[in-house]
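Predicted, not measured: the structure shown is a model, and the values here were computed from it.
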Amino acid sequence: MKIIVNGTAHEVQSSTLAALLAELGYGDAKVATALNEGFVSTGARASTPITDGDRIEIVSPRQGG
Amino acid sequence: MEFYGTEVSSRLMLGTAQYPSPAILDDAFRRSGAGIATVSVRREAGGAQAGAAFWDLIKELGVKVLPNTAGCHSVREAVTTAHMARELFDTPWIKLEVIGHTDTLQPDPFALVEAAKILTEDGFQVFPYTTEDLILADRLLNAGCEVLMPWGAPIGSGLGLTNIYGLRTLRAQFPDIPMVVDAGLGLPSQAAVALEMGYDAVLLNTAVAKAGDPAAMAEGFALAIKAGRLAYEADPMEPRDMAAPSTPLIGKAFLS
């Protein structure tokens with residue numbers, strides 16, 4: 001299945017957002033997620049399915065003004 | 001001073017971006033006495049721990065954090081970013097930026113109001129990055145905002161308070177609303193003027209981070225803000241066009 005993660009194409013096996021984070025090596029990293037421009041909370045990741053062509057954003061704390 | 005019922009001790013809010021090093025950021029914050037740090041959310045690569053390292057640094061500062069939606073150009077983008085920030089930083093506070101113009105980074109007033117309404121209804125406490133426009137301010141307050149953050153000048157420009165009249169009018173129009181001059185400041189004297197005018201605080205980043213000595217500049221801003229606030233509280237004299245001698249005329253020698 002081909003999806004876009006943080007603007008880059010990925011070929012992945014996972015069927016849920018939680019599984020995808022593990023597959024991509026995020027482990028227990030402090031991240032927040034969005035699927036197709038909509039927020040997905042940590043608690044909802046395990047029940048959020050991933051489908052072909054999805055656009056996923058994975059972000060973490062950064063410097064800001 | 002309170003923002004959404006939370007007592008804030010310092011009138012300086014300081015950004016965390018563009019410092020030459022984490023150590024200099026830390027030093028600048030300590031010398032600034034800032035009580036609030038602005039932060040953002042950005043893409044994290046798998047296996048990287050950049051976010052965690054930065055977060056550890058900020059926690060060490062012992063300040064409150066105000067996450068932003070910097071760089072967002074649409075309501076959807078800003079709302080989603082705000083939700084991600086709330087989860088990451090565990091705060092209902094959000095500095096809401098919805099940019100409408102690429103070169104000036106001027107806010108899109110229509111999208112700003114719409115996003116502010118959505119986020120307020122969802123429990124956020126919104127700090128809108130806005131202009132000095134009175135009607136926009138009124139709409140933001142009606143949308144549920146309890147703080148306004150008008151720009152002094154375009155973000156990162158260092159031009160200072162480019163519309164003194166507009167800022168003075170805004171301050172006078174909503175005397176009970178906490179207001180922060182956010183963006184565009186380059187020098188401590190400009191911050192002092194904002195505080196003298198009755199603005200409750202200033203928010204800046206580039207002026208400190210891009211100074212040759214960020215920590216010294218941070219302290220300079222802290223002193224200017226203290227001076228400006230003292231002057232405001234001291235009820236300044238009214239300016240006048242003609243001279244008025246300060247030395248008494250009575251008793252002057254050679255008076256005929």
Greatest number of non-hydrogen atom pairs under 4.5 angstrom with chain A, of T206(B), L25(B), V79(B), V41(B), falls to V41(B)

**OP:** Answer yes or no: is there a side-chain heavy-atom contact under 4.5 Å between E44(B) and V59(A)?
**Re:** no

NZ of K30(A) to CZ of F89(B), rounded to nearest 0.5 Å, is 7.5 Å

Looking only at V5(A), T33(A), I58(A), the option with the highest number of non-hydrogen pairs under 4.5 Å against chain B is I58(A)

query = Does any donor atom in the side chain of E87(B) or S41(A) lie under 3.5 Å from an acceptor atom in the other side chain?
reply = no

In terms of heavy-atom contacts, F39(A) and M84(B) come closest through CD1-CG, 3.6 Å

Can you tell if the side chain of P61(A) reaches within under 4.5 Å of the side chain of L88(B), non-hydrogen atoms only? yes

Do other residues, nucleotides or ligands put more than 12 heavy atoms under 6.0 Å from the CG atom of D52(A)?
yes

Would the number of heavy atoms belonging to other residues, nucleotides or ligands and lying under 6.0 Å from CD of E23(A) be above 12? yes

Scored by heavy-atom pairs under 4.5 Å with chain A, the best of A52(B), A45(B), A37(B), A85(B) is A45(B)

To the nearest 0.5 Å, atom CD1 of I58(B) lies from atom CD of Q63(A) at 7.5 Å

For the NZ atom on K210(B), are there more than 12 heavy atoms of other groups (residues, nucleotides or ligands in this structure) within a distance under 6.0 Å?
no

I'd like to know if the side chain of K95(B) and the backbone of G65(A) have a donor-acceptor N/O pair within less than 3.5 Å. yes

In short, S60(A) meets G51(B) closest at the heavy-atom pair OG-CA, 3.3 Å

Review point. So, do R43(B) and E57(A) sit near enough that their side-chain heavy atoms are less than 4.5 Å apart?
Key: yes

With chain A, the option among Q18(B), E97(B), H83(B) that has the most non-hydrogen atom pairs under 4.5 Å is H83(B)

So, the part of T8(A) with a heavy atom under 4.5 Å from chain B: the answer is neither

Note: vs chain A, highest number of non-hydrogen pairs under 4.5 angstrom among A183(B), G15(B), P67(B), A17(B) is A17(B)

Bottom line for A50(B): the part with an atom under 4.5 Å from chain A's heavy atoms is both

Counting heavy-atom pairs under 4.5 angstrom with chain A, the leader among N205(B), T38(B), L203(B) is T38(B)

